[in-house]
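Below is one structure, written out as structure tokens; the observations come after it.
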2 protein chains.
Amino acid sequence: MDRLAIARARLDAHIDREGLKRTRQRESILEAFIGAGGHVSVEELLRAVQQSAPATGAATVYRTLKVFVEAGIAGERNFGDGQARYEPILEDEHHDHLICTDCNTIFEFEDPVVEARQTEVATAHGLTVRSHRHEIFGTCTLREACPRWPKAGGRS
Amino acid sequence: MDRLAIARARLDAHIDREGLKRTRQRESILEAFIGAGGHVSVEELLRAVQQSAPATGAATVYRTLKVFVEAGIAGERNFGDGQARYEPILEDEHHDHLICTDCNTIFEFEDPVVEARQTEVATAHGLTVRSHRHEIFGTCTLREACPRWPKAGGRS
DNA sequence: ATGAATGCAAATAGTTTGCACCTAA
DNA sequence: TTAGGTGCAAACTATTTGCATTCAT
């Protein structure tokens with residue numbers, strides 16, 4: 001079962017659970033969304049969708065992404081550039097980021113201790129964790145450990 | 001030297017360095033900003049400033065906050081509620097955030113366990129930690145724990 | 001004097017919403 | 001048939017910008 005199939009299955013479940021409907025737009029948007037990788041803005045996604053379904057309106061993409069988030073397929077990110085970005089959240093592929101500010105390499109990590117501790121902290125404040133964002137910025141101690149050393153492009 | 005004095009000193013340095021000017025608005029906004037604590041939205045800050053300087057315009061607050069960020073006095077945060085929030089960054093005071101996505105209340109936290117673990121994770125990847133950003137999103141379990149409850153219900 | 005800063009209003013940009021029409025179930 | 005979905009345009013909201021005026025240096 002590939003990523004698209006996983007997403008589709010989860011969306012189907014959500015659709016049944018909530019009494020929603022299966023439409024060609026939702027299917028097109030889902031395909032474009034999964035195909036896009038990650039960090040897509042609504043504008044980018046709309047452009048992609050319109051390749052296969054030219055009549056699709058922006059409002060539908062906004063509304064559909066909201067459905068995806070509720071279905072647990074998508075996560076919304078705000079990088080402070082004024083527009084929201086979305087990325088697929090399939091399985092439990094959750095990851096945080098370690099960023100080398102010298103060479104811009106981004107490592108992904110997931111630490112059970114941190115995850116568990118987060119829940120404790122949240123609970124202590126009376127909150128139930130829904131999601132989180134955790135980014136650690138640092139510099140490579142060993143240059144060899146830095147795959148892209150010494151060059152590197154790419155924003156996060 | 002209290003927080004306001006520290007901020008003022010840093011702003012002064014920035015003003016000299018960049019050839020800017022000292023205006024009553026900048027002073028008023030600085031005072032309101034530092035007095036507000038943290039996580040202020042432009043709207044809130046504007047309201048506060050207008051207590052002492054009623055004629056102040058919103059554009060000035062926006063422009064001034066930008067100056068504060070450049071001066072290293074303020075940090076911009078995006079919690080995904082549609083508006084940017086600013087908080088003072090004096091000394092090396094660091095904290096992370098817990099955000100209730102229902103009522104938008106923001107709690108601050110700093111956890112030694114998480115902090116320590118971060119260092120370990122980074123070291124394991126060959127990085128030296130320089131800074132980090134950690135935000136946990138969740139929902140209030142106990143309504144009473146939510147200062148702003150029941151305002152702003154969950155219809156996003 | 002002169003260039004930066006301000007206030008206001010108009011302009012943007014991203015996102016949401018009202019509404020008449022369409023369509024899955 | 002009937003609630004939900006869609007497209008379009010208008011409405012909103014946060015933020016930016018143009019411009020004439022004011023003010024710091």
Side-chain angles (χ1 to χ4, degrees), chain A residues 8 11-30 32-33 39-47 49-50 52-71 74 76-86, chain B residues 8 11-30 32-33 39-47 49-50 52-71 74 76-86 101 104 151-156:
Chain A
R8 195 137 42 193
L11 178 57
D12 271 2
H14 179 73
I15 283 177
D16 290 340
R17 195 185 322 123
E18 302 292 321
L20 307 180
K21 290 173 181 172
R22 271 160 266 263
T23 65
R24 24 184 126 280
Q25 288 88 336
R26 284 182 179 159
E27 173 60 22
S28 304
I29 295 171
L30 181 65
F33 178 55
H39 306 136
V40 224
S41 65
V42 172
E43 190 194 358
E44 295 164 344
L45 188 54
L46 176 62
R47 251 201 309 272
V49 170
Q50 292 185 328
S52 56
T56 309
T60 298
V61 175
Y62 278 103
R63 288 187 278 230
T64 301
L65 279 171
K66 208 154 277 183
V67 171
F68 287 1
V69 171
E70 284 158 12
E76 187 179 331
R77 310 266 173 259
N78 272 284
F79 295 119
D81 63 338
Q83 56 186 337
R85 288 174 180 282
Y86 296 82
Chain B
R8 196 136 44 193
L11 178 57
D12 271 2
H14 179 72
I15 283 177
D16 290 341
R17 195 185 322 124
E18 302 291 323
L20 307 181
K21 290 172 179 171
R22 269 162 266 262
T23 65
R24 30 184 121 279
Q25 288 88 335
R26 282 180 180 160
E27 173 60 21
S28 304
I29 295 172
L30 182 65
F33 178 55
H39 310 134
V40 225
S41 65
V42 172
E43 190 196 357
E44 294 163 343
L45 188 54
L46 176 62
R47 252 200 309 272
V49 170
Q50 292 185 328
S52 56
T56 310
T60 299
V61 175
Y62 276 103
R63 289 188 275 231
T64 301
L65 280 170
K66 208 154 277 180
V67 171
F68 287 0
V69 170
E70 283 159 12
E76 187 180 331
R77 308 270 174 261
N78 272 282
F79 296 120
D81 63 338
Q83 55 187 336
R85 289 174 180 282
Y86 296 82
T101 53
N104 294 319
K151 275 290 295 181
R155 40 163 299 202
S156 63

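Just so it is clear: chains get the letters A, B, ... in the order the sequence lines come, proteins before strands, and each one is counted from 1. Quick caveat: nothing in here was measured; it's all calculated off a predicted structure.
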* Partner set under side-chain hydrogen bond (donor to acceptor under 3.5 Å, both in side chains) for B/E27, not counting sequence neighbours ->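 Once residues adjacent in sequence are excluded, the partners of B/E27 under the side-chain hydrogen bond (donor to acceptor under 3.5 Å, both in side chains) criterion are B/R8.
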
I'd like a table of donor-acceptor pairs (distance under 3.5 Å, sequence neighbours excluded) in which one partner is a side-chain atom from residues 53-67 of chain B, with atom names and distances.
from: B/T56; atom 1: OG1; to: B/A53; atom 2: O; distance (Å): 2.7
from: B/T64; atom 1: OG1; to: B/T60; atom 2: O; distance (Å): 2.6

Return the nearest nucleotide to the side chain of [X]; candidates are [options].
| X | options | answer |
| --- | --- | --- |
| B/R63 | D/dT6, C/dT15, C/dG7 | C/dG7 |
| A/A59 | C/dT6, D/dA9, C/dA9 | D/dA9 |
| B/T60 | C/dT15, C/dT17, C/dT6 | C/dT6 |

Rounded distance in Å - [atom1] ([X]) to [atom2] ([N]):
| X | N | atom1 | atom2 | answer |
| --- | --- | --- | --- | --- |
| B/K66 | D/dA14 | NZ | C1' | 11 Å |
| B/L11 | C/dA5 | CG | P | 11 Å |
| A/L65 | D/dT6 | CG | P | 12 Å |
| B/Q83 | D/dC12 | CD | P | 18 Å |
| B/R47 | D/dA14 | CZ | C1' | 14 Å |
| A/Q50 | D/dT6 | CD | P | 14 Å |
| A/L45 | C/dG14 | CG | P | 15 Å |
| A/E43 | C/dT12 | CD | P | 16 Å |

* Asked: Heavy atom of residues 12-28 of chain A under 4.0 Å from DNA chain C: which residues?
  -> A/K21, A/R22, A/R24

Please report, to 0.1 Å, the donor-acceptor pairs under 3.5 Å made by any side chain of residues 18-26 of chain B, with sequence neighbours excluded.
from: B/R22; atom 1: NH1; to: B/D12; atom 2: OD1; distance (Å): 3.0
from: B/R22; atom 1: NH2; to: B/D16; atom 2: OD1; distance (Å): 2.6
from: B/T23; atom 1: OG1; to: B/R26; atom 2: N; distance (Å): 3.1
from: B/R26; atom 1: NH1; to: B/K21; atom 2: O; distance (Å): 2.9

* Touch class at under 4.0 angstrom, heavy-atom based, for B/A58 against every strand present ->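 Result for B/A58 = nothing.
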
* Asked: NA contact type, A/S41, heavy-atom cut-off 4.0 Å: base, sugar-phosphate, or nothing?
  ->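 Nothing, no heavy atom under 4.0 Å.
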
* Verify the contact: side-chain N or O of B/Y62 to OP1 or OP2 of D/dT16, cut-off strictly under 4.0 Å; return yes or no. =>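 False: B/Y62 side-chain N/O out of range (4.0 Å or more) of D/dT16 OP1/OP2.
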
* **Any residue meeting ring-ring contact (aromatic ring centres under 6.0 Å, His included) with B/Y86, in chain and number order, not counting sequence neighbours** => none

* Divergence of helical axes at both termini of the helix from C/dA1-D/dT25 to C/dA25-D/dT1 - five pairs an end, 10° steps -> 30°

* Parallel, tilted or perpendicular: which describes the rings of B/F79 and B/H39, with under 30° parallel and over 60° perpendicular? -> perpendicular

